[in-house]
Amino acid sequence: MKFGCLFAVLCLAVGAIAGKYSREMNDQKPSTDGKNTVEFRIAKLNQVWEKAIRMQLPPVRQAELHSDLKIQEKDELQWKKTKADGMDENGEREAKLRRGFNVILAKYGMDGKKDTRPLESNNLKDHDIREGDMFDDPRLDKLWNKAKTSGKFSEEEMQSLKREFQHHKDKISEYNIVMDTVSRTEEIHKNVISPLEGEVKEHVLHQKHTDLKDKMRDLNQGFERLRKLSHEGFSEDSEFKEPRVIELWEMAQRANLTGDELDSLKEELKHFETKVEKHSHYQEQLELSHQKLRHVEALGDNDHILRNQERYNNLSEKTREMGYKMKKHMQDLTSKISRKGLNRNEL
């Protein structure tokens, strides 16, 4: 009898803990007292955000992280609905979401690994960057130095070229992160006992290797574009200036879309490029506002501090919002181009 009572109590305790972690820990509720503002509806995303604030990430990086977390939140909430409807049986979408979350952690130095990268500088200015070591990649640095000394680029063109180089550097970093997660998954796969579980993990590994191949192909094509730009300069009839838009346009051209489809997409990409440029402008204004705020804080003038703090907060909020919309738009465009290209190739 005593054993039966003890077993019942243990079951209740386990049930309570399970309920706590499945609901309270994963579905955040807004604070009613206004003291602890909940930024995201998913607990782990809130934890990442709170850690970023404690780490005092630079303002532009913080805004970028916020946009990435918003995208991750949207995708995870959509996946929960999909799973509830009995879809994603092989766990492919879940694995992709987990991989995306790991990429975010590594991208912002929150994956628990010792960060050997240079201190973050927002990449908005040329000061405090060592000559010849701007992109942490010998091939990129060599191309960049050749372009700088070629005399083929105006100051404005050099800024555009720098953005392309930085974008390529970011893509290399993301590739290395995904490759690292594949290596770790392979280690886990070696220790699998259950044949059924092994089949699932085999499928996940196959998807990750496919992603790696796609990213490597994009990297090779991107580097070839940079090599051509560095030697020949910008073409006067270039359709776009922003690296991410150029990448989408070239992706669309490789997808064998019809002339009408390309014309329609070109117009959409022009609107998207305006959005990207506006977001970059706000990023620069946010960094300048942050520098000014630090300056007035050092002077100790409370009125000036309050005014600058308000401006900084407004810019920060606007930059986050624009960053999310821009990344969501890019996500939609990438899916749209991939889907149309796939459908056409299947025909």
Side-chain angles (χ1 to χ4, degrees), residues 14-84 88 91 93-115 117 119-120 122 170 173-174 177-178 180-181 184-185 279 282-283 286-287 289-290 293 309-310 312-332:
V14 171
I17 292 170
K20 176 184 176 184
Y21 279 90
S22 63
R23 292 184 181 179
E24 292 176 19
M25 292 302 289
N26 292 305
D27 295 320
Q28 294 287 295
K29 302 282 191 300
S31 173
T32 54
D33 57 12
K35 292 179 181 178
N36 298 314
T37 304
V38 175
E39 198 74 29
F40 301 95
R41 291 168 60 186
I42 299 174
K44 66 179 181 181
L45 303 185
N46 262 320
Q47 290 164 3
V48 171
W49 179 244
E50 287 164 4
K51 184 177 179 180
I53 293 172
R54 289 196 303 272
M55 288 170 61
Q56 296 184 333
L57 282 181
V60 172
R61 290 289 283 175
Q62 202 175 102
E64 284 285 291
L65 171 62
H66 194 278
S67 300
D68 284 341
L69 291 176
K70 277 292 183 185
I71 293 286
Q72 181 75 15
E73 179 182 54
K74 176 190 68 68
D75 291 342
E76 292 211 15
L77 291 174
Q78 284 181 347
W79 168 76
K80 282 186 178 182
K81 291 179 181 178
T82 301
K83 189 179 181 183
D88 194 33
R93 283 191 65 183
E94 183 179 8
K96 189 173 182 180
L97 283 171
R98 191 182 300 115
R99 185 162 64 251
F101 182 65
N102 289 334
V103 167
I104 291 173
L105 293 179
K107 181 179 176 182
Y108 296 95
M110 298 184 193
D111 56 350
K113 294 188 175 183
K114 186 176 180 181
D115 195 357
R117 293 166 295 184
L119 290 175
E120 199 59 60
N122 287 317
D170 292 341
S173 176
E174 185 175 327
I177 291 167
V178 175
D180 183 53
T181 61
R184 278 183 282 171
T185 306
H279 178 240
Y282 268 86
Q283 284 184 315
L286 176 63
E287 174 58 18
S289 177
H290 183 255
L293 177 60
Q309 182 69 59
E310 185 178 359
Y312 171 74
N313 290 342
N314 289 337
L315 275 170
S316 181
E317 185 64 31
K318 188 69 175 176
T319 306
R320 292 178 198 173
E321 182 186 342
M322 291 182 66
Y324 168 75
K325 289 180 178 178
M326 184 200 72
K327 291 185 178 186
K328 176 67 172 63
H329 195 172
M330 184 168 182
Q331 188 182 61
D332 293 342

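The basis for the numbers below is simple: all heavy atoms, side chains too, and nothing from hydrogens, waters or symmetry mates. Along the sequence shown, the residues carry numbers beginning at 1.
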Using the side chain to side chain contact (heavy atoms under 4.5 Å, CB included) rule, take K74 and Q78 through it: C-alpha gap first, then chi angles, then the decisive distance, then the call.
CA-CA 6 Å; K74 176 190 68 68; Q78 284 181 347; 3.9 Å; yes
Sequence neighbours left out, what passes side chain to side chain contact (heavy atoms under 4.5 Å, CB included) with V48? Give chain and number order.
L65, L69, F101, L105, M110
For S316 and Y312, indicate whether the former's side chain and the latter's backbone hold a donor-acceptor pair under 3.5 Å.
no
Is it true that R98 and E94 have a side-chain N and a carboxylate O under 4.0 angstrom from each other?
yes
Do Q72 side-chain atoms and L97 backbone N/O form a donor-acceptor pair below 3.5 Å?
yes
Interatomic distance, L286 atom CG to L315 atom CG [nearest 0.5 angstrom]
6.0 Å
Heavy-atom count check: over 12 atoms from other residues, nucleotides or ligands less than 6.0 Å from E310 CD?
no
I need the minimum non-hydrogen distance between Y282 and M322, along with the two atoms involved.
CD1-SD, 3.5 Å
Give the intermediate values and the outcome of side-chain hydrogen bond (donor to acceptor under 3.5 Å, both in side chains) for residues N46 and E50.
CA-CA 6 Å; N46 262 320; E50 287 164 4; 5.5 Å; no
Without hydrogens or angle criteria, can the side chains of Y324 and D68 be said to hold a donor-acceptor pair below 3.5 Å?
no
As an exercise, state the distance from CD of Q331 to CD1 of I71, rounded to the nearest 0.5 Å.
5.0 Å
I would like to know whether R61 and M55 meet side chain to side chain contact (heavy atoms under 4.5 Å, CB included); could you show each step before the answer?
CA-CA 11 Å; R61 290 289 283 175; M55 288 170 61; over 6 Å; no
How about K107 and D170: do any of their side-chain heavy atoms sit closer than 4.5 Å?
no
To the nearest 0.5 Å, what is the distance between CD on Q283 and NZ on K318?
14.0 Å
I would like to know whether K96 and R93 meet side chain to side chain contact (heavy atoms under 4.5 Å, CB included); could you show each step before the answer?
CA-CA 5 Å; K96 189 173 182 180; R93 283 191 65 183; 5.5 Å; no
By salt bridge (Lys or Arg N to Asp or Glu O under 4.0 Å), D332 pairs with (sequence neighbours left out) K328
Kindly indicate, with the supporting measurements, whether the criterion salt bridge (charged side-chain N to carboxylate O under 4.0 Å, His left out) is fulfilled by K80 and E76.
CA-CA 6 Å; K80 282 186 178 182; E76 292 211 15; over 6 Å; no
Closest non-hydrogen atom pair between Q62 and W49, with its separation:
O-CZ3, 3.4 Å
Please report the shortest heavy-atom distance between P59 and H290, naming the atom on each side.
CG-CG, 3.5 Å
Non-hydrogen atoms of R41 and L77 that approach each other most closely:
NH1-CD1, 3.6 Å
Applying side chain to side chain contact (heavy atoms under 4.5 Å, CB included), run through H279 and E64 and close with a yes or a no.
CA-CA 11 Å; H279 178 240; E64 284 285 291; 3.1 Å; yes
Taking NZ, NE, NH1 and NH2 as the nitrogens, is one of them in K44 or E73 under 4.0 Å from a carboxylate oxygen of the other?
no
Expected output: side-chain S67 to main-chain R320 donor-acceptor under 3.5 Å:
yes
